[in-house]
Number of protein chains: 2
Amino acid sequence: MRIQRQILKESNLRSTTSRSKILGLFLSNSHALSYSDIEKQVASLFDRVTVYRTLKSFLEKGIIHKIPDNSGGLKYALCSDHCPHTVHQHDHVHFKCTRCGQTSCLEEVEIPPFDLPGGYKPDEVSLLVQGTCSKCR
Amino acid sequence: MRIQRQILKESNLRSTTSRSKILGLFLSNSHALSYSDIEKQVASLFDRVTVYRTLKSFLEKGIIHKIPDNSGGLKYALCSDHCPHTVHQHDHVHFKCTRCGQTSCLEEVEIPPFDLPGGYKPDEVSLLVQGTCSKCR
DNA sequence: GTAACTGCAAAATATTTGCATCCTT
DNA sequence: AAGGATGCAAATATTTTGCAGTTAC
C-alpha cells in the first residue's frame, strides 16, 4: 500500500482505491497483464470504465507501457525503475510464452545494433520473442 | 487478376471476387494494411463479414501475416515469396512511421543474433521499429 | 473548497456466429 | 451436383464519452 502511494505521488496522481489496487496487481505480477487479466480481478470492485481510465493515466504518466502482442491483444507492464516520462523509450525485449501465454519483459536483454536502409530514422525499437519460457520447458 | 488467381490456387482457395480484390490491395500496396484500411476500399462491394473471413483465410493459408502495432491495432501484410505454411516464420523487421502512420516490412533487414536468459527457447522473433520513414523526412 | 476521480448509462467501434442463398470447381 | 463462400441479421465484445455525484488533497 505504501509503495503504491509513493509511486502515484511521484507521478502526480491521486491515491485512490482503484489505482492502488491495479498498481498492486502490476507490482505482484512479474508478467505483463492484459486488460481482461485486470478486469477479471477487479470486476467486482470497480467499473470497467475506471479500469480503462486507470490504465490510460498510468500510461500517460509512464508508470506502465504497452506491449504489442501479435495475437492482436495488447498487454501492459510496469516500466522499469525510471522511465524518463518525456522521452519514453522502451528498447527492451519482450518474451511471450506460447505455452502458458505469459508475456514478460526481459530487462536484462539488450537489442543488438542493426542497420536500417537509408532514410529510415528509428526512434523506438521493440523486440518481441515468442517461444517457450523457462518455467514451461 | 491472373496473379491473384494463381496465388489463390496455390493456397487451395477458390477464386472469388472478394478474395481477388482484397489480395489485389495487398499486392498494390507496399505497406501493411489494417482491417479498416481494407474496409474503406471495399465497403461498397462486400460485406464486413466477408472481409473478416477473407483475412482469416489468407492468414490460415499463410498468404498474409499479422503485424503487431503497439498502438493496439493489428495490421496485415503479404508474406514474402515463400512462407512455409507449416512453420510460419517471420523473423523480419517491421517499420512503423509515426508521421505517415504506414507500417512496412523491411525484408532486407535481418535481426542480429542476441542472447536470451537460460531456459528461454525462442521460436519466432519480430522486431518493430518506430520512427520516421524515408518518404517523410 | 475545488479539481480530480468514479460509476452509470449509453454510444461508438470491433468482431463473431447462424443461416439461407449463391457461386466456384 | 456439392461444398465452399457470401450477405444479412443479430449477437457478442471492446472501448469511449457525457454527466452527475463523490473523494483526495
Look at the rings of A/Y120 and B/F95 and say which category their plane angle falls in: under 30° parallel, 30 to 60° tilted, over 60° perpendicular.
perpendicular
Candidate nucleotides C/dC5, C/dT24, C/dT6, ranked by approach to the side chain of A/R19 - the nearest
C/dC5
Are A/L74 and A/L55 joined in one hydrophobic group, where the rule is that I, L, V, M, F, W and Y side chains link up if heavy atoms are under 4.5 Å apart?
yes
With ring centroids as reference points, do B/Y76 and B/F26 lie under 6.0 angstrom apart?
no
Report the C-alpha separation of B/L8 and B/T16 in whole Å, then their side-chain angles, then the decisive distance to 0.1 Å, and conclude whether the side-chain contact (heavy atoms from CB on, under 4.5 Å) test is met.
CA-CA 9 Å; B/L8 291 171; B/T16 65; over 6 Å; no
Walk me through whether A/I63 and A/L13 qualify under side-chain contact (heavy atoms from CB on, under 4.5 Å).
CA-CA 11 Å; A/I63 297 175; A/L13 287 176; 4.0 Å; yes
Would you classify B/S15 as touching base, sugar-phosphate or nothing, given that sugar-phosphate means primed atoms plus P, OP1 and OP2, and contacts are heavy atoms under 4.0 Å?
sugar-phosphate
Is it the case that the side chain of B/T50 and the backbone of B/F46 share a donor-acceptor pair, with hydrogens and angles ignored and the cut-off at 3.5 Å?
no
5'-most contact on DNA chain C: B/T17 or B/S36, nearest heavy atom basis?
B/S36
Checking all strands, does A/S57 fall into the base, sugar-phosphate, or nothing category for heavy-atom contacts under 4.0 angstrom?
nothing
Based on the rotation axes of five pairs at each end, what angle does the helix from C/dG1-D/dC25 to C/dT25-D/dA1 bend through, to 10°?
40°
Would you say A/I111 ends up clustered with B/L106 if hydrophobic residues are merged whenever their side chains have heavy atoms under 4.5 Å apart, either directly or through other cluster members?
yes
Check: A/H65 ring centroid to A/H94 ring centroid under 6.0 Å
yes
Atom pair CG (B/L23) and OG (B/S15), whose distance is rounded to the nearest 0.5 Å:
9.0 Å
Under-4.0 Å side-chain N/O to phosphate OP1/OP2 contact, A/R5 with D/dC25
yes
For A/K56 and C/dA4, give me the distance from atom NZ to atom C1', rounded to whole Å.
15 Å
Looking at C/dA4, I'd like to know if its phosphate oxygens (OP1 or OP2) sit under 4.0 Å from a side-chain N or O belonging to A/T16.
no
At a heavy-atom distance below 4.0 Å, what parts of residues 40-54 of chain A sit against DNA chain D?
A/R48, A/V49, A/Y52, A/R53
If you compare every side-chain N and O of A/S18 against the phosphate oxygens of C/dT6 (OP1, OP2), does one of them come in below 4.0 Å?
yes
